[in-house]
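One structure is given here, and the rest of the page talks about it.
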Amino acid sequence: MERYDYAATEKKWQEYWEKHDTFKAETGSKKPKFYALVEFPYPSGAGMHVGHIKAYSGLEVVSRKRRLQGYNVLFPIGFDAYGLPTENTAVKTGVHPRVVTDNNIVKFTNQLKRVGFSFDWSRVVDTTDEKYYKWTQWIFLKMFENGLVFRDKTLVNYCPSCKVVLSNEDSQGGKCDICHSDIVQKTKEVWYLRITEYADKLLQGLDEVNYLPNIRLQQENWIGKSTGAFVNFEIKENGEKLRIYTTRPDTLYGVTFMVIAPEHPIIEKYRDKIANIDALDAYKAECAKKSEFERTQLVKDKTGVKIEGLTAINPLTGKEIPVYVADYVMMGYGTGAIMAVPAHDTRDYDFAKKFGIDIIEVIKGGDISKEAYTGDGEMVNSDVLNGITNKKDAIEKVLGILAEKGVGEKGVQYKMKDWAFNRQRYWGEPIPIVHCPHCGMVPVPYDQLPLKLPPVDNFQPGSDGESPLAKIDSFVNCKCPKCGGDARRETDTMPQWAGSSWYFLRYCDPNNDNEFASKEALKYWMPVDWYNGGMEHVTRHMIYSRFWHKFLYDIGEVPTSEPYAKRTAQGLILGPDGEKMSKSRGNTIDPNDVVDNYGADVLRVYVLFMGDYEQAAPWNDSSMKGCKRFLDRIWGLQDILVDGDEYRSELMSSMHKTIKKVSEDIEAMKFNTAVAAMMSLLNEIYALGSINKAELRSLLIILNPFAPHITEEMYNKIFGGILSEQEWVKYDDALCVDSTIEVAVQVNGKIKAKIMIPAEAEQAEVLGIAKADDAVAAAIDGKNIVKEIYVKGRLVNIVVK
RNA sequence: GCGGGUGUGGCGGAAUUGGCAGACGCGCCAGACUUAGGAUCUGGUGUCUCCGACGUGCAGGUUCAAGUCCUGUCACCCGCACCA
């Protein structure tokens with residue numbers, strides 16, 4: 001047998017599949033549909049990463065199996081091509097982002113094709129294509145029309161290096177997500193999408209879908225729903241109502257002070273009445289200097305100032321209580337004011353200790369002289385609540401009293417904030433809005449979409465964070481679509497998340513110029529049956545795209561309320577040193593090198609074999625060579641091939657067991673054990689010294705999703721025809737068992753012997769065989785048998801005394 | 001601090017969910033073929049005081065039987081983080 005020429009063979013079959021549209025999805029086919037989605041890549045200049053290969057290989061295997069099982073499979077790919085790295089390259093090199101993007105897309109496409117992924121290449125989408133972003137803008141305008149878009153002047157996270165406003169999501173930990181510089185706070189008028197309006201729907205929708213439990217949990221935590229109560233505290237001096245939010249209204253009798261955020265408007269409103277306004281202003285200035293990061297990092301050290309001149313009244317007890325300003329209360333959550341119950345809240349406790357405020361216990365169970373007690377217990381010092389031991393009952397009762405007195409009511413809050421939806425950058429979708437001095441914000445008419453990005457020479461952002469578009473008069477100056485008067489175009493662009501919020505819809509009908517996708521195509525393909533991607537996208541991208549999809553559902557544009565029926569996530573590939581791969585660490589692996597030196601099939605098998613698909617695992621070159629050896633041995637089967645139309649009895653159960661194992665493991669994404677099972681079978685075949693045609697045919701088919709090139713070649717050579725057009729092989733549960741099996745015999749839980757028994761033997765027979773064994777007989781000789789256990793097909797345990 | 005996850009040979013990892021711990025692969029050892037081996041093939045390979053015992057981060061417990069269940073504890077990783 002001549003050596004396997006992986007380079008020539010892989011090229012040959014890639015060309016064949018492409019030429020024959022082997023993996024083309026057919027909208028409207030009578031076959032059952034299966035829509036498998038992987039996260040489309042950002043086409044960076046660095047090219048593909050082995051992480052991409054692993055991310056796509058999972059559903060690649062599932063898709064190839066599904067096709068062999070007779071499904072009409074949609075397995076598309078595209079490019080999420082707007083974004084800062086490309087623009088930064090353009091700024092540095094002067095090459096237009098369009099050109100940079102096109103080059104990178106070509107590079108990525110070639111790399112993906114070399115790995116032999118069975119994508120439907122006729123459906124590629126590119127978010128920066130006018131024909132695509134026309135519909136991104138269209139959806140934005142629909143949201144605008146439906147009141148989900150608004151502008152607001154607020155403190156924003158601003159990256160001084162990228163000169164761009166960032167969402168909370170993009171500035172986690174006080175560092176810019178892109179360049180990792182420190183974020184500063186800046187007041188700016190920005191665009192928002194009212195995602196909070198969908199908070200409940202996004203939460204409830206999780207019941208309709210099948211996401212991995214940790215994925216679901218992350219989304220729930222991100223949305224962060226809490227239920228509690230709003231309560232109005234009257235201010236003694238002026239009758240003003242200071243409204244607070246609390247999740248623990250049951251502790252209302254333990255309130256000894258109140259705290260408001262430094263930015264709370266009541267300070268400005270009554271600044272004349274506040275005796276120590278200078279001290280408050282100074283404190284406020286100090287807080288403004290701190291970044292949000294510093295503010296949240298200095299958790300232990302509580303600071304604040306008492307307001308002299310405002311006194312609150314507890315609505316239940318009528319007691320007067322002091323009001324403080326402190327930056328541990330945020331304006332952005334709840335009402336920006338809290339009732340403080342130091343006995344039962346750790347933050348309030350720290351503050352009260354520092355400022356010498358009373359601490360009143362209202363729930364028994366802890367030691368409030370040492371620390372706050374946040375657990376359950378019997379209510380005390382709480383008037384009508386005294387004696388209640390159940391938190392729920394206490395809350396119910398308090399809510400009743402608050403309602404009766406008209407000073408409070410039940411309420412919910414979400415951690416999720418509205419989505420800051422703009423960037424002062426060039427390389428993004430222009431926001432299709434015109435600012436008219438007479439008409440205000442006017443949407444660009446639908447028939448004028450796409451609002452195209454104008455050509456630019458200088459991509460440098462403006463000095464105060466203005467978009468480069470602001471410098472282009474021909475773009476900025478326009479007529480108001482409503483009144484025809486002189487107007488100015490919005491110059492901000494959409495954030496990178498925009499294009500990826502609906503790409504899965506476009507795949508259904510990617511070349512449609514009249515709709516973002518036809519109703520028929522959407523009805524046929526949606527929802528996505530299985531979506532796999534990285535954990536890092538589980539909160540942002542997944543929440544955003546579910547939001548857009550739910551909105552489109554509400555206005556009747558899509559047929560399903562949820563976009564993704566199932567979501568899984570793969571683990572990272574770490575560098576050979578066990579650290580996260582990064583250019584700076586120099587521990588990256590280039591998939592191109594692997595394909596060059598070992599072939600695409602080896603790369604594919606290895607990324608799936610290296611460990612649990614959902615777990616991170618380090619790259620190991622030697623281990624990968626083991627996969628190369630495996631495929632070489634598969635090739636070598638041709639040397640020991642004999643005729644035969646049926647599995648031989650020697651391999652009967654192994655064949656059925658392996659087919660079953662591979663079939664089931666693929667569905668459970670346990671690709672590593674599926675490969676291991678095929679390796680075991682191969683070892684068995686070589687030990688036997690031969691394989692017949694029926695056995696080889698089945699083995700090639702189950703290996704095909706993992707290593708499509710070599711299996712296609714061998715199939716074609718030996719059987720003629722195209723493997724990708726065959727049927728997935730079946731197994732018979734009844735034939736998965738051997739007639740004679742080995743079981744272990746324990747005496748008092750210690751293994752004493754292994755015996756061969758008929759698979760169907762009952763306990764009495766098995767025990768007879770077991771006791772006839774010398775080692776077992778010796779171990780039980782002269783002892784009393786207390787108990788005898790036989791676990792069918794597993795083991796025997798004889799308990800003696 | 002809160003939430004989630006993980007701890008198993010020299011390494012990556014298996015273990016039908018309470019039933020033979022270490023499948024499969026790497027590495028290593030020995031042998032074969034070779035002028036040669038960083039190719040290929042065959043065999044071996046958890047540890048030790050090796051006809052026996054000990055072994056799944058650590059300490060207990062339940063059970064005929066525990067990597068798996070329970071209690072406590074330690075370490076590491078990943079999210080979120082003064083969310084009222």
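A, B, ... follow the sequence lines: proteins, then strands. Residue 1 opens every chain.
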For the pair made of [atom1] in [X] and [atom2] in [N], what is the distance, rounded to whole Å?
X	N	atom1	atom2	answer
A:Met542	B:G79	CE	C1'	15 Å
A:Phe671	B:A14	CZ	C1'	17 Å
A:Met339	B:A84	CE	P	12 Å
A:Asn748	B:C20	CG	P	17 Å
A:Gln763	B:G19	CD	C1'	14 Å

Mind checking the [atom1] distance from [N] to [M]? Whole angstroms is fine.
N	M	atom1	answer
B:U45	B:G22	C1'	12 Å
B:G10	B:U6	P	23 Å
B:C64	B:U47	C1'	27 Å
B:C58	B:G9	P	10 Å
B:C29	B:A39	P	13 Å
B:A21	B:G67	P	8 Å
B:C74	B:G57	C1'	7 Å
B:U73	B:G7	C1'	14 Å

## Note on the structure
On RNA chain B, more 5' by nearest nucleotide between A:Cys627 and A:Gly332 is A:Cys627
### Query
Considering heavy-atom distances to RNA chain B, does A:Ile338 or A:Gly626 have its closest nucleotide positioned more toward the 5' end?
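Looking at the nearest nucleotide for each, A:Gly626 comes out on the 5' side.
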Answer yes or no: are there more than 12 heavy-atom neighbours, outside [X] itself, under 6.0 Å from its atom [atom1]?
X	atom1	value
A:Lys410	NZ	no
A:Glu760	CD	no
A:Lys354	NZ	yes

### Message
If you compare every side-chain N and O of A:Asn214 against the phosphate oxygens of B:G3 (OP1, OP2), does one of them come in below 4.0 Å?
### Response
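No, no such contact exists.
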### Task
Check whether any side-chain nitrogen or oxygen of A:Asn672 sits under 4.0 Å from OP1 or OP2 of B:A14, and answer yes or no.
yes
### Query
Side chain of A:Lys302, base of B:C82: donor and acceptor closer than 3.5 Å?
yes
[X] side-chain proximity, nearest of [options]:
X	options	value
A:Arg633	B:G27, B:C41, B:A15	B:C41
A:Lys750	B:C41, B:C54, B:C82	B:C54
A:Leu217	B:A23, B:G4, B:C64	B:G4
A:Ile789	B:A15, B:A84, B:C64	B:C64
A:Arg629	B:C41, B:C64, B:A23	B:C41
A:Gln615	B:G5, B:C26, B:A84	B:G5
A:Gln218	B:G4, B:G79, B:G13	B:G79
A:Met330	B:C41, B:C24, B:C82	B:C82
A:Ser623	B:G25, B:C83, B:G3	B:G25
A:Phe609	B:G25, B:A84, B:A14	B:G25

### Task
Check whether the side chains of A:Asn587 and A:Glu579 place a donor and an acceptor atom closer than 3.5 Å, and report yes or no.
no
### Task
State whether a side-chain donor-acceptor pair under 3.5 Å links A:Glu684 with A:Ser654.
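Yes, A:Ser654 and A:Glu684 have a side-chain donor paired with an acceptor closer than 3.5 Å.
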### Query
Where the side chain of A:Gln413 meets the backbone of A:Gly334, is there a donor-acceptor pair that is under 3.5 Å apart?
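Yes; at least one donor-acceptor contact below 3.5 Å.
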### Query
For the side chain of A:Asn797 and the backbone of A:Ile789, is there at least one donor-acceptor N/O pair under 3.5 Å apart?
no
Checking all strands, does [X] fall into the base, sugar-phosphate, or nothing category for heavy-atom contacts under 4.0 angstrom?
X	result
A:Asp348	nothing
A:Ile751	sugar-phosphate
A:Glu742	base
A:Lys625	nothing
A:Asn797	base
A:Asp632	nothing
A:Arg216	nothing
A:Ala616	sugar-phosphate
A:Lys670	sugar-phosphate
A:Leu795	base

### Task
Could you tell me how the ring of A:Phe230 sits relative to the ring of A:Tyr245: parallel (under 30°), tilted (30 to 60°) or perpendicular (over 60°)?
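A:Phe230 vs A:Tyr245 ring planes: tilted.
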Can you tell me the Watson-Crick or wobble partner of [N], both distances under 3.5 angstrom?
N	value
B:A84	none
B:G55	none
B:G79	B:C2
B:A14	none
B:U40	B:A32

### Query
Salt bridge check: are A:Arg567 and A:Glu39 linked by an N-O gap of less than 4.0 Å?
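Yes, this pair counts.
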### Task
State the syn/anti category of B:G5 according to its glycosidic angle, syn meaning within 90° of 0.
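Anti, angle beyond 90° from zero.
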### Where the chi angle of B:U71 falls, syn if within 90° of 0 and anti if not
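You should classify B:U71 as anti.
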